[in-house]
Amino acid sequence: MRVLVTGATGFLGNHVIKELFKHNVDVIASSSNLEKAQNSSWYKEVYTYKSLNLANSIRHNLFNFFEQPDVIIHLAWSGLPRYKELFHYEEVLPEQYHFLKNLIINGSGNLCVSGTCLEYGLREGELDESLVPNPQNPYAIAKDTLRKFLEELQKQVPFSLKWARLFYMYGAGQNPKSILAQLDKALQENAPSFNMSAGEQLRDYLAVEKVAQYLVAIALQNDVQGIINCCSGAPISVKELVENHLKKCRKQIQLNLGFYPYPDYEPMAFWGNIHKLKQIIHHESH
């Protein structure tokens, strides 16, 4: 089996490729940055690497270009984490759709795409996949629209679609602006204190290795399709997340709680329902 991973050099992409090596598959890796790929630990181990920028991906047959993969795990998306920029639906969305449509109409029958919990909008509490999306920023609107486009395309060209809604991740290679990366930087610099919000907001966090494990499990099966929350299902406060990280590192730093306001594009407390994910994991373990 051949599995194509787009966005291969990204935070999650690197971990997804490492997870795929545990399965008996040939990995076709793709990203827009050849130099970054060549410096990745997996570069010499993958079946093949294809450098491609989605903005310039108007080719006759992308399915053949990627050597006819059996499964596609599509992670590529440019311009993150600038969620409020209009280019997400003005530029990125059409590029994404035409790229995936090209693959599908030329023979791809099995697609797993990374979505976002921000598609749910500003809802509080446990979020399950049956909720009608209500995205509130350009990035989330673009992601949700891409899913709708693909669902319409399914009516014309049948294919398997798994839309994996990602929540929050942490781990090696994370965005330097993410909270735990900033905390690590403050610790490294022996800063006297760490500025953060009051930290009472509840989020659904998972180590990126676990997210990669779940995502690969979602992609390599076809019993459960459609929207699938890819998360822990267990809420944790941001303050507790930070405190747990400090305990794990055996480090101490004064937390300057309330320094930053809460972000206006997120609700105070939300986490994912993992009923559908559990079906996949349970089936995989038997």
Side-chain angles (χ1 to χ4, degrees), residues 11-12 77 80-85 88 114-144 147 163-171 174-184 186 193-215 218 226-249 253-281:
F11 173 39
L12 181 54
W77 193 284
L80 293 176
R82 305 196 311 275
Y83 302 122
K84 296 182 179 182
E85 301 283 347
H88 285 296
S114 60
T116 169
C117 59
L118 298 178
E119 294 168 59
Y120 287 114
L122 298 175
R123 286 189 178 92
E124 300 271 342
E126 184 179 77
L127 307 175
D128 77 73
E129 297 92 341
S130 66
L131 290 167
V132 176
N134 187 21
Q136 298 290 314
N137 61 65
Y139 167 64
I141 292 167
K143 277 282 189 184
D144 188 52
R147 177 185 59 80
W163 187 267
R165 278 204 181 129
L166 305 176
F167 281 65
Y168 291 78
M169 301 175 278
Y170 60 88
Q174 65 193 322
N175 188 305
K177 291 183 179 177
S178 63
I179 189 162
L180 294 187
Q182 289 181 322
L183 178 60
D184 284 337
S193 63
F194 178 65
N195 297 331
M196 59 179 285
S197 69
E200 295 304 319
Q201 63 272 51
L202 294 178
R203 295 286 177 266
D204 192 319
Y205 275 95
L206 254 185
V208 68
E209 295 86 356
K210 204 72 183 169
V211 176
Q213 183 189 330
Y214 289 162
L215 192 62
I218 290 167
I227 301 164
I228 302 161
N229 285 336
C230 185
C231 57
S232 73
I236 183 173
S237 74
V238 171
K239 183 185 173 194
E240 191 181 348
L241 179 83
V242 166
E243 288 170 344
N244 288 351
H245 187 70
L246 288 171
K247 279 179 200 164
K248 191 179 173 186
C249 300
I253 191 169
Q254 180 70 39
L255 299 180
N256 190 7
L257 298 169
F259 183 85
Y260 295 116
Y262 292 122
D264 59 2
Y265 57 86
E266 295 174 325
M268 265 303 285
F270 69 103
W271 58 95
N273 176 297
I274 57 168
H275 176 71
K276 288 178 85 172
L277 179 64
K278 275 181 177 173
Q279 284 178 260
I280 295 166
I281 304 306

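Computed over heavy atoms, backbone and side chain alike; hydrogens, waters and symmetry mates excluded.
Between Y170 and H245 the shortest side-chain heavy-atom distance does not fall below 4.5 Å. Contact annotation: the side chain of L206 approaches that of Y214 to within less than 4.5 Å [non-hydrogen atoms, C-beta and beyond]. In this structure, the side chains of E126 and L131 stay at 4.5 Å or more apart for every pair of heavy atoms. When side chains are defined from C-beta on, L277 counts as touching I218, because their heavy atoms get closer than 4.5 Å. Contact annotation: the side chain of V242 approaches that of M196 to within less than 4.5 Å [non-hydrogen atoms, C-beta and beyond]. Counting heavy atoms from C-beta outward, V238 and Y262 have side chains that stay 4.5 Å or more apart. Y205 has its side chain out of reach of N244: every pair of non-hydrogen atoms, C-beta onward, lies at least 4.5 Å apart. Between K143 and S114 there is a side-chain heavy-atom pair separated by less than 4.5 Å.
Annotation: the span from E200 atom CD to L202 atom CG amounts to 8.0 Å, rounded to 0.5 Å. With rounding to the nearest 0.5 angstrom, the OH atom of Y120 is 6.0 Å from the CG atom of L127. In this structure, CD1 in I253 is found 7.5 Å from CG in L246, a value given to the nearest 0.5 Å. Atom CD of E243 sits about 7.0 Å away from atom OG of S237, to the nearest 0.5 Å. Taken to the nearest 0.5 Å, the OG atom of S232 stands 11.0 Å off from the NZ atom of K210. To the nearest 0.5 angstrom, I228 atom CD1 is 4.0 Å from I280 atom CD1.
Contact detail for A181 and Q174: the closest heavy-atom pair is N-NE2, 3.6 Å. Taking both residues in full, the closest heavy atoms of P176 and Q182 are given as O-CG, 3.4 Å, listed atom of the first, atom of the second, then distance. In terms of heavy-atom proximity, S197 sits nearest to P261 at CB-O, 4.4 Å. Across every non-hydrogen atom of G272 and D204, the tightest pair is N-OD2, 3.0 Å. Between L118 and A140, the shortest heavy-atom contact is O-CB, 3.5 Å. Y168 and C117 get closest at one heavy-atom pair: CE1-SG, 3.9 Å.
Under a 4.0 Å N-O distance rule, the pair K276/E129 does not qualify as a salt bridge.
Ring geometry for F167 against F270 counts as tilted: the plane angle lies between 30° and 60°, on a 0 to 90° scale.
A side chain to side chain donor-acceptor pair (under 3.5 Å) with E266 is found for one member of R203, Q136, Q201 and no other, namely R203.
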Next item on the list: Show your reasoning for whether side chain to side chain contact (heavy atoms under 4.5 Å, CB included) applies to L12 and M169.
Entry: CA-CA 9 Å; L12 181 54; M169 301 175 278; 4.1 Å; yes
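With hydrogens and angles disregarded, no donor-acceptor distance shorter than 3.5 Å links the side chain of N229 to the backbone of I274. With hydrogens and angles disregarded, no donor-acceptor distance shorter than 3.5 Å links the side chain of H88 to the backbone of L80. Under a 3.5 Å cut-off, the side chain of E124 and the backbone N or O of P267 do not form any donor-acceptor pair.
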